[in-house]
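Remarks on the structure that follows.
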Amino acid sequence: MDKVYKQQAVEEKWYKFWEESGFFKADPDSDKKPYSLLMPPPNLTGELHLGQAMQHAILDAIARFKRMQGFDVLLLPGVDHAGIQFEGTLNKILSKEGLTKGKLGREKWLERAWKYKEEVYQSFHKTWTAFGLSADWSREVFTLEPKVRKAVFEEFKKFWEEELLYKGAYIIQWCPKCGTAIEDLEMEYQERKEKLFFVRYQIKNTNDFIAIATGRPETIYADTGIAVYLNHPKFAKLISKNAINPLNGNELPIFEDKRVDKKFGTGALKITPGHDPLDFEIGKDHHLPTLHAVDKTGRMTELTQDLVGLKIEEARQKSVEKLEQLGAIEKTEDYIHSVPVCERCKTTVEPLISEEWFVKMKPLAEKALKNMDKINFLPKNYKKILSDWLKEIHDWSISRSLWWGHRIPVWYCQKCNPNHLVGKDKDMVISIEQPDKNCQTCGQKHWVQDEQVLDTWFSSGLWPMATLGWSDNTQELKKYYPWDFETSAPEIKFLWIARMIMLGLWFKDEIPFKNMFFHGMLRDLQGRKFSKSLGNGISPYDLVEKWGVDATRMALYGYSIPGRDGRTSRQLMDERCKNFRNFGTKLKNIYRFIIELKPQAIKNKHATAVGNLKNTDDKKIMEELNKTIQSVTKNLEGFKLHLATDALYEFIWHKFADVYIEKSKARRAEAQPILEYVFRISLELLHPFMPFITEELWQKLPHKGKSIMLTKWPRA
RNA sequence: GGAGUUGUAGCUCAGCUGGCUAGAGCGUCUCAUUUACACUGAGAAGGUCACAGGUUCGAGUCCUGUCAACUCCACCA
């Protein structure tokens, strides 16, 4: 982040010229037809990665193309506050200063957070304007700014009024390191070889035993029952008897349940509702109590007697030792299973019971499903992928135990509702600010706000609307919604894209975007994702510094095929960039030949008119040019940027330069008008992809108008 | 367990609704030697388009199956 990006002088000059001339600005008052592109807001964390650089290159090419076609283009930029990620980074910095959230307190911590946000934002911002992005910076949005805050409040309030919100103690996935609940979608799995312990539980008042297999003996303290497979002859005589918990002597009822897999372990399952989602379900149906052996910091609770305060790993070992001493371990097996870990910090996720907020998603998903046909997905099969997920939707856990984010806009009367319960008859108020009114019960004002914040995606899901000023019915919303074009990495198709579709349809009764372009993932040569921990990332800034913006953009268009992952390496990127840097040099040399080395005889003759063509070379190159115009236009309309750039490269270099220009040397004066014309049109076609060099050269050619950005898109 | 994607030159990949001797960039080899451009030009070598069937006048492209690689979702006591 402290790296200063060195933009080349030419790029800086033109970018400044465009921006200061207001060419990037959308104009809601204009009569032109709108074309709107929504930039996925990058996370507030340092630099952009190569994939985002590609996104920006894609968005910008289409924006520039549509502008030249005469649309009123809105390319709207923004930044996401990235709740968990940003908070984690800041806490790491604070811990180096010996500070913690606890020591600072919420208010001081937030002060620090906003200060840090500004620092990151400033340096970050410099780097991401670097790609030549023709975004309307005057409309830039940050997901925690007041406009979004208001929209998020509306969203929350409407959900509440529609009775789609609920709060309660449920089993959720908890990351002990991040200190918050996370969603299934925010977890990943690591395959590990662990031990499976076969533990014997004595049947009360007998010398019989029932054996169960468990990978987590430390949670035996929180067992509240034992379930066996339905109609299992082996266990028939044990049903309705009680087993004795070997670690604390508690009595555990034995019962049947069809959800127990008869093939796994012994066919009997210890039920620990506090620490396993399946057990939670089974426990609920059989009215078992819920106990906790592990707390939210990942340490053992008082329930575990002398193990209290130990970390899970240690406690597991100690529990096994104890069980061995008691002769309760029948055998031990190795087994390989996938352990869920937090996507961000790779800490093992603990299923825990916690008070969280949820949104009932079924009605939203159903509405979305009915409207999926209205969105043009690229590639097409994403419609099915998203639809399949929507059909299996489960409720959205939206609360996070963090401080960085939109604080839940709910206030409880501390006196009358100390447990912060939720419901129509409870002493609580939905409000963005501290309520002014009195509590209905006590007639006083003891309002305290809910401690938690909303999931980052709760605000990002509203991005297409919040950025245009929803819930007010703004002129922008009327003109630019639904968005014409949105792009995203496939990674966040459920977290983000599916949410935008559902929320857009729910609140605005319209799809959020007409064209949804999923680009592929850039991977290393072994097919692995780029990541900090692997150290295999490629910095787009290094490429830009070495090869220039135009060349780097061109190299990236080669990877911009919908749904196709691309394998690459620093070396491969360098090769590709080098190739397009050479292409840029070729353009400069064409310019030099056509304009600087113009024969004396025609020095002062501007040849803009291309009359009747008699020469066969002239006819041929004009035909080829027309074909290229058609192909580039068609491919841009279809968002096939790789084909558009291919066609241009092939035409300019191998048809125009290698053939036509070579041949023209014999009849230079006569060919001059065609040379100038073909070159100028070529630059215009190339401008969406290589904005800087095309502007630089176009300005030096005989031309009309202030900028190549403002020219009319060539027609065949 | 469910869904999806990929398999084309040494490498990274294009190839649209099936249509002439299958393409690009990089790499390799030969030639050109100061040309608008060596950040160049001309040319060459290199592919049974994973495999096996099928549809068709015609298949890299469509269908079925097999093998391989990958991704996503669910589950994992």
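The structure presented is a predicted model; accordingly, all values stated were derived computationally and were not measured. By convention in this document, chain letters (A, B, ...) are assigned in the order of the sequence lines, proteins followed by strands, and residues within each chain are numbered from 1.
With sequence neighbours left out, the ring-ring contact (aromatic ring centres under 6.0 Å, His included) criterion links A/Y201 to no other residue. Applying the side chain to side chain contact (heavy atoms under 4.5 Å, CB included) test to A/K383 and every residue at least two apart in sequence or in another chain returns A/M372, A/D373, A/F377, A/S387. Judged as a side chain to side chain contact (heavy atoms under 4.5 Å, CB included), and not counting sequence neighbours, the contacts of A/N589 are A/T585, A/R592. With sequence neighbours left out, A/T290 forms a side chain to side chain contact (heavy atoms under 4.5 Å, CB included) with A/P273, A/H292, A/I353. Every residue two or more places apart in sequence or in another chain that forms a ring-ring contact (aromatic ring centres under 6.0 Å, His included) with A/Y557 is listed here: A/F689. Judged as a side chain to side chain contact (heavy atoms under 4.5 Å, CB included), and not counting sequence neighbours, the contacts of A/E637 are A/F65, A/K66, A/Q69, A/T633. By the ring-ring contact (aromatic ring centres under 6.0 Å, His included) test, A/F517 pairs with A/F485, sequence neighbours left out.
Of all the residues in residues 183-196 of chain A, A/Y189, A/L196 reach under 4.0 Å from RNA chain B with at least one non-hydrogen atom. For RNA chain B, the neighbouring residues in residues 554-564 of chain A, judged by any heavy atom under 4.0 Å, are A/Y559, A/I561, A/R564.
Among the protein residues, A/S338 comes within range of the nucleic acid bases, having at least one heavy atom under 4.0 Å from a base atom. Using a 4.0 Å heavy-atom distance criterion, A/L643 is classed as a sugar-phosphate-only contact.
Among the nucleotides B/rC76, B/rC39, B/rU40, the one closest to any side-chain atom of A/W653 is B/rU40. Distances were taken from every side-chain heavy atom of A/H337 (C-beta onward) to each of B/rA14, B/rU40, B/rC76; the shortest belongs to B/rC76. The listed nucleotides are B/rA36, B/rA42, B/rC72; the one nearest the side chain of A/F494 is B/rC72.
The two residues A/E11 and A/D550 have their closest heavy-atom pair at OE2-N, 4.4 Å.
If you check distances only, the side chain of A/E392 never reaches the base of B/rA3 with a donor-acceptor pair under 3.5 Å. If you check distances only, the side chain of A/E662 does reach the base of B/rC37 with a donor-acceptor pair under 3.5 Å.
A side chain to side chain donor-acceptor pair (under 3.5 Å) with A/W547 is found for exactly one of A/D574, A/N582, A/D542, namely A/D574.
Between the CG atom of A/D279 and the CG atom of A/L288 there is a distance of 9.5 Å, given to the nearest 0.5 Å. The CD1 atom of A/I621 lies 10.0 Å from the OG atom of A/S664; values are rounded to the nearest 0.5 Å.
Going from atom NZ of A/K655 over to atom P of B/rG41 covers 15 Å, rounded to whole Å. One can place CD1 of A/I385 at 11 Å from P of B/rC73, the figure rounded to the nearest angstrom. Per the geometry, CG belonging to A/N635 stands 13 Å off P belonging to B/rU17, to the nearest Å. Spacing between atom CG of A/L525 and atom C1' of B/rC13 amounts to 12 Å, rounded to whole angstrom units. Following rounding to the nearest Å, A/D550 (CG) and B/rC39 (C1') show an atom-to-atom distance of 15 Å.
Contacts classified as side chain to side chain donor-acceptor pair (under 3.5 Å) and involving residues 646-657 of chain A (residues at least two apart or in different chains) are given here: A/N579-A/Y649, A/H654-A/D658.
In this structure, A/G566 and A/A268 both approach RNA chain B, and ranking their closest nucleotides by distance from the 5' end singles out A/G566.
Phosphate contact (OP1/OP2 of B/rC37, side-chain N/O of A/R592, threshold under 4.0 Å): present. Side-chain nitrogen and oxygen atoms of A/K640 include none within less than 4.0 Å of the OP1 or OP2 phosphate oxygen of B/rA14.
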So what is the 5' to 3' dot-bracket string for RNA chain B, if pairs are Watson-Crick or G-U wobble with both distances under 3.5 Å, crossing pairs use [ ] and | means the partner sits on another strand? (((((((..((((.....[...)))).(((((.......))))).....(((((..]....))))))))))))....
Under 3.5 Å, N/O pairs linking protein and nucleotides 23-30 of chain B:
{"from": "B/rG25", "atom 1": "O3'", "to": "A/N579", "atom 2": "ND2", "distance (Å)": "3.1"}
{"from": "B/rC26", "atom 1": "OP1", "to": "A/N579", "atom 2": "ND2", "distance (Å)": "3.4"}
{"from": "B/rC26", "atom 1": "O2'", "to": "A/E575", "atom 2": "OE1", "distance (Å)": "3.0"}
{"from": "B/rC26", "atom 1": "O2'", "to": "A/E575", "atom 2": "OE2", "distance (Å)": "3.1"}

Are A/E186 and A/R344 close enough, and set up right, to give a salt bridge (Lys or Arg N to Asp or Glu O under 4.0 Å), and what steps lead you there? CA-CA 8 Å; A/E186 293 168 297; A/R344 286 176 204 82; 3.1 Å; yes
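Under the 3.5 Å distance criterion, with hydrogens and angles disregarded, no donor-acceptor pair is assigned to the side chains of A/T266 and A/K234.
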